Amino acid sequence: MICTTEPNQEHRSRPAVQASSLLRRNENTIEASVTIRRVVEDVFSFYRDFTNLPSFLGDVMAIEEIGPATSRWTIQGPLGIRATWTIKVTEERTNELIRYETVTPPGLRTYWEIHFAPGSESGQTEVRELMTAPLGRLGRAVLALMGKFPTEEVAANLHRLKQVMETGKVTDTSYSVRGKFSNI
């Protein structure tokens, strides 16, 4: 089952980002994908340099590399509260896959898989993200009460990655910290 994620009018005015529940690993897994008009090597290289991620991730304010496979991410959450997470890359296949996770107790860990593959046309890349969030429905309900909607955020983040890779700027500000992309 493939559905287009369009929770508000702002999403209707942009190219569709696909979200799938067919391949869900469990109730905690969110999946979305986007096609980018750039070759796989460029997209993978840009994404793998984690210091580039704040240029399109809606709530990531800064990333500091602290080792070859670890980095410290500063996230701005609801009510302007900032948190810092340590992220560890657990698997990497050049131009194919990056797996990473938060360094927290296992029950509270968030996992990401970013898959890269050639698109259906020359010079395109299919990027597919799977994010496994902790605490299942309870965790999502708590996030929703705070105004955070992980499914929509994942789709919006991928759309902004597409914008940065294709145009060099972000115009989609949905599901991001207010004012974060206003000067870009």
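Keep in mind that what you see is a predicted model, and the values were worked out from it rather than measured.
Within the model, atoms CZ of Arg38 and CZ of Phe44 stand 15.0 Å from one another, a figure rounded to the nearest 0.5 Å. Between Phe46 atom CZ and Met165 atom CE the span is 6.0 Å, to the nearest 0.5 Å. Taken from CD in Glu92 to CZ in Arg48, the straight-line distance is 4.5 Å, to the nearest 0.5 Å. We find the CD1-OG1 distance between Ile66 and Thr86 to be 4.5 Å, quoted to the nearest 0.5 Å. With rounding to the nearest 0.5 Å, the separation of CZ in Arg99 from CZ in Arg93 is 6.0 Å. Interatomic distance, OG1 of Thr110 versus CD1 of Ile87, reported as 7.5 Å (0.5 Å rounding).
By the side chain to side chain donor-acceptor pair (under 3.5 Å) test, Ser45 pairs with no residue at all, sequence neighbours left out. For Thr51, the side chain to side chain donor-acceptor pair (under 3.5 Å) partners two or more places apart in sequence, or in a different chain, are Asp49. Every residue meeting the side chain to side chain donor-acceptor pair (under 3.5 Å) condition with Tyr47, not counting sequence neighbours, appears here in chain and number order: Tyr100. Taking Thr102 as the reference, Thr104 meet the side chain to side chain donor-acceptor pair (under 3.5 Å) condition, with sequence neighbours excluded.
Follow the hydrophobic side-chain contacts under 4.5 Å out from Ile98 and you never reach Val39; the two are in separate clusters. The cluster map of Ile, Leu, Val, Met, Phe, Trp and Tyr, joined by side-chain heavy atoms under 4.5 Å apart, puts Tyr111 and Leu57 in different clusters.
Thr167 places no side-chain N or O within 3.5 Å of a backbone atom of Val164 that could act as its donor or acceptor partner. For Glu129 (side chain) and Leu158 (main-chain N/O), no donor-acceptor pair under 3.5 Å exists by modelled atom type. Between the side chain of Arg160 and the backbone N or O of Ser174, at least one donor-acceptor pair lies under 3.5 Å. Side chain of Lys180 to main chain of Pro54: a donor-acceptor pair is present (N/O by atom type, distance under 3.5 Å, no hydrogens or angles). With hydrogens and angles ignored, the 3.5 Å screen pairs a side-chain donor or acceptor of Asn157 with a backbone N or O of Gly58.
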I would like to know whether Val154 and Tyr175 meet side-chain contact (heavy atoms from CB on, under 4.5 Å); could you show each step before the answer? CA-CA 9 Å; Val154 168; Tyr175 301 100; over 6 Å; no
Going through the distances and angles, do His115 and Glu96 end up as a side-chain contact (heavy atoms from CB on, under 4.5 Å)? CA-CA 6 Å; His115 297 264; Glu96 292 180 28; over 6 Å; no
Worked check of side-chain contact (heavy atoms from CB on, under 4.5 Å) between Gln163 and Thr171: CA-CA 8 Å; Gln163 288 183 324; Thr171 59; 2.7 Å; yes
Run Ile114 and Leu97 through side-chain contact (heavy atoms from CB on, under 4.5 Å) and show every step you take. CA-CA 6 Å; Ile114 313 299; Leu97 171 72; 6.0 Å; no
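Looking at Thr35 and Gln124, their side chains never bring a donor and an acceptor atom within 3.5 Å of each other.
Residues Ile36 and Glu166 are in side-chain contact: their nearest non-hydrogen atoms beyond the backbone lie under 4.5 Å apart. Annotation: side chain of Phe116 is not in contact with side chain of Glu126 (no heavy-atom distance under 4.5 Å). Annotation: side chain of Trp112 is not in contact with side chain of Thr90 (no heavy-atom distance under 4.5 Å).
Taking Ile, Leu, Val, Met, Phe, Trp and Tyr as hydrophobic and joining them when side-chain heavy atoms fall under 4.5 Å apart, one finds Met61 in a cluster with Val177.
The pair Glu31-Arg128 meets the salt-bridge criterion, since a charged nitrogen lies less than 4.0 angstrom from a carboxylate oxygen.
Shown here for Ser55 and Phe181, the closest heavy-atom pair between the two residues is O-CE2, 3.4 Å.
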Residues 73-80, side-chain donor-acceptor partners within the protein, below 3.5 Å, at least two apart:
unit_1, atom_1, unit_2, atom_2, d
Trp73, NE1, Ser71, OG, 2.8
Gln76, OE1, Arg82, NE, 3.2
Gln76, OE1, Arg82, NH2, 3.2

